[in-house]
Amino acid sequence: AAVFAGVVEAAKRPPLPVLSMEEVAKHNTEKDCWVVIHGRVYDFTQYAHRHVGGSRVILRLAGKEATPIFSRQHGKNVLEGLSLEEVKGLVNP
């Protein structure tokens, strides 16, 4: 039931905006922390302080592409536990 509810919620959400890396780069502080992983832009502002490896790891990547570093430490399934609200958009390739 929870999976179905998530699918329904995702279907209601408007399409994700396409963002440039220049836009992402503006969000590079502890109070405004966006990170690109696998082509998606995540707002980790609230999550950074809950990160098991410490907030510094995430804050170093604020405003940047983090896929290679993320992939060395985590499987893609780690991102599945994040709220849809944390996904700000897709990065412009």
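Counting begins at 1 with the first residue of the sequence.
Distance NZ/K26 to CH2/W34: 9.5 Å, rounded to 0.5 Å. Atom-to-atom distance recorded for L61:CG and F44:CZ is 9.5 Å, nearest 0.5 angstrom. Distance NZ/K88 to CG/L16: 10.5 Å, rounded to 0.5 Å.
Side-chain contact between L90 and P17 is absent, with no heavy atoms from C-beta onward closer than 4.5 Å.
Identified under the side-chain hydrogen bond (donor to acceptor under 3.5 Å, both in side chains) test for residues 57-75, with sequence neighbours left out: E65-T67. For residues 45-58, every residue pair satisfying the side-chain hydrogen bond (donor to acceptor under 3.5 Å, both in side chains) rule, not counting sequence neighbours, is listed here: E30-H49, D43-T45.
With sequence neighbours excluded, no residue forms a side chain to side chain donor-acceptor pair (under 3.5 Å) with N28.
In terms of hydrophobic clustering, with Ile, Leu, Val, Met, Phe, Trp and Tyr side chains grouped at heavy-atom distances under 4.5 Å, Y42 and I69 are assigned to a common cluster. A continuous path of ILVMFWY side-chain contacts below 4.5 Å connects V87 to I37, so both sit in one hydrophobic cluster.
Closest approach of V36 and V24 over heavy atoms only: CG2-CG1, 3.8 Å. Across every non-hydrogen atom of L59 and C33, the tightest pair is CD2-SG, 4.0 Å.
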